[in-house]
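Here the structure is laid out as structure tokens; the discussion comes afterwards.
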There are 2 protein chains.
Amino acid sequence: MIDTDVQLAHFVEEMGLVFTEMGGSRMAGRVLGRLLICDPPHQSSAELAEALMASSGSISTVTRQLVQGGMIERIAVPGERATYFRIRPGMWAESVRVRMAMLSLMRGSAERGLELLASAPAARRRRLEEFRDFYAFMEEQTPALLEAWARKRAMEER
Amino acid sequence: MIDTDVQLAHFVEEMGLVFTEMGGSRMAGRVLGRLLICDPPHQSSAELAEALMASSGSISTVTRQLVQGGMIERIAVPGERATYFRIRPGMWAESVRVRMAMLSLMRGSAERGLELLASAPAARRRRLEEFRDFYAFMEEQTPALLEAWARKRAMEER
DNA sequence: CAATGGTTTCAGTCCTTACTGAAAGTTCCG
DNA sequence: CGGAACTTTCAGTAAGGACTGAAACCATTG
């Protein structure tokens, strides 16, 4: 039916909004949304621009960001000028790894704070210690979480 | 020494930047940073405004947000007009719970997408299924993670 | 090597949202 | 109850970043 298209567009917009909610950019969410539902699973910049009614410029910047972030990848087809993009296999695990970098940013700040209070009474240091310990804990647990996900994936797939 | 103060201010600013990086607001990061290192551990709005060189207005809005998000709490002292704020015990676990709400937002979008492709071939649905499964998995694992953190905390403390 | 199809770059515009400052509101005290 | 200390509200401003559109760039084909 014809209004599947408009509903899919709606889904894409929703992804844009959810992404802004999570601190990302709207267009990045839209591109990912589109690449999640399109058929075939790869799209050229021009196709994305058309489908999302966005300028070629913003598609270019946002695809670059997503490629750098490991969320999507470029595909080249011999005898074609266009370069295509598709969801990168394993992108979800990758998104967690990216997030993990932020965890260690936080932990770093906590540690720098603790250095400043190196000679302060223990009671005053406690808040920062808990802060640091929490992010250290999260960082520590993340790899196991990703492994569990990989195992689950492997089980279900084959 | 006197330049501890300027270094602490530096820490506070760093927290502001890290927070923007994570999708929060700069001032929220500054307030949390300040509340992590200040002595005593509670501060009035006016004290925060002074220490952060911010307007009383922005302190008011940002403290409200942080209270609603479970990051800080209000303290009232009898016979005092000022209301004080301090880091809420357990704020780190709370921050994960807040984040978990976003996970379920994402899963919700994935599910709505899948409904749209209900009658599409399995190959086309696969990307969305992985998307949904991933966030479902994360949501599922989070409580256990928080319990592990709580246990660790309890062990070390007493 | 010119022409065409496609992508990137970049300067400028627009939109959003954080922040300010002043006025209004609240709470405690004499 | 009037006044002082403090906080919240709100309209307006400022700052930052996303997006556009046009021009430059690159690659493939005749």
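Letters A, B, ... are given to chains in the order of the sequence lines, protein chains preceding strands, and every chain is numbered from 1.
A residue-by-residue look at B/Gly24 and A/Phe85 shows that A/Phe85 has its nearest nucleotide of DNA chain C further toward the 5' end. In terms of position along DNA chain D, the nucleotide closest to B/Tyr84 lies nearer the 5' end than the nucleotide closest to the other residue of the pair B/Tyr84 and A/Pro78. Along DNA chain C, the nucleotide nearest A/Arg74 and the nucleotide nearest A/Arg26 are compared for position; the residue whose nucleotide lies closer to the 5' end is A/Arg74.
The environment of CD in A/Glu50 is sparse: at most 12 heavy-atom neighbours from other residues, nucleotides or ligands sit within 6.0 Å.
Residue-level contact check: A/Thr83 touches the backbone only, with heavy atoms under 4.0 Å from sugar-phosphate atoms and none from bases.
A close approach under 4.0 Å does not occur between any side-chain nitrogen or oxygen of A/Arg81 and OP1 or OP2 of D/dC25. Distances shorter than 4.0 Å separate some side-chain N or O of B/Arg64 from OP1 or OP2 on D/dT9. Distances shorter than 4.0 Å separate some side-chain N or O of A/Ser45 from OP1 or OP2 on C/dT7. Between D/dC19 and A/Arg30, a contact under 4.0 Å exists linking OP1 or OP2 to a side-chain N or O. Here A/Ser60 reaches the OP1 or OP2 of C/dT8: one of its side-chain N or O atoms lies under 4.0 Å away. Applying the 4.0 Å criterion to OP1 and OP2 of D/dT20, one finds that A/Ser58 has a side-chain N or O inside that range.
For B/Ser55, the side-chain atoms get nearest to C/dT20 when compared with the rest of C/dT20, D/dT7, C/dT7. When distances are taken from the side chain of B/Ser56 to each of D/dT20, D/dT7, D/dT8, the shortest belongs to D/dT8. In this structure, the nucleotide among C/dA18, D/dT20, C/dA22 sitting nearest to the side chain of B/Ser25 is C/dA18. Checked against C/dC19, D/dT7, C/dT8, the side chain of B/Ser44 finds its nearest nucleotide in D/dT7.
Going from atom CD of B/Glu47 over to atom P of D/dA5 covers 15 Å, rounded to whole Å. Rounded to whole Å, the distance from CG on B/Leu52 to P on C/dC19 is 10 Å. Spacing between atom CZ of B/Phe19 and atom P of D/dG16 amounts to 19 Å, rounded to whole angstrom units. We find that CE of A/Met27 is positioned 11 Å from P of D/dG21, with the value rounded to whole Å. Distance B/Ile59 CD1 to D/dA5 P: 21 Å, rounded to the nearest Å. A straight line from CG of B/Leu66 to C1' of D/dT7 spans 16 Å, rounded to a whole angstrom. Atoms CD (B/Gln43) and C1' (D/dC6) sit 15 Å apart, rounded to a whole Å. Look at CG on B/Leu48: it is 13 Å from P on C/dT20, rounded to the nearest Å.
For the pair A/Arg107 and A/Glu111, the salt-bridge criterion is met [side-chain N within less than 4.0 Å of a carboxylate O]. Under a 4.0 Å N-O distance rule, the pair B/Asp133/A/Lys152 does not qualify as a salt bridge.
Contact of the A/Ser25 side chain with the A/Val62 side chain is registered, since non-hydrogen atoms from C-beta on lie closer than 4.5 Å.
In this structure, a donor-acceptor pair under 3.5 Å is absent between the side chains of A/Ser58 and A/Thr61.
Using cut-offs of 30° and 60° on the angle between ring planes, the pair B/Phe131 and A/Trp92 is parallel.
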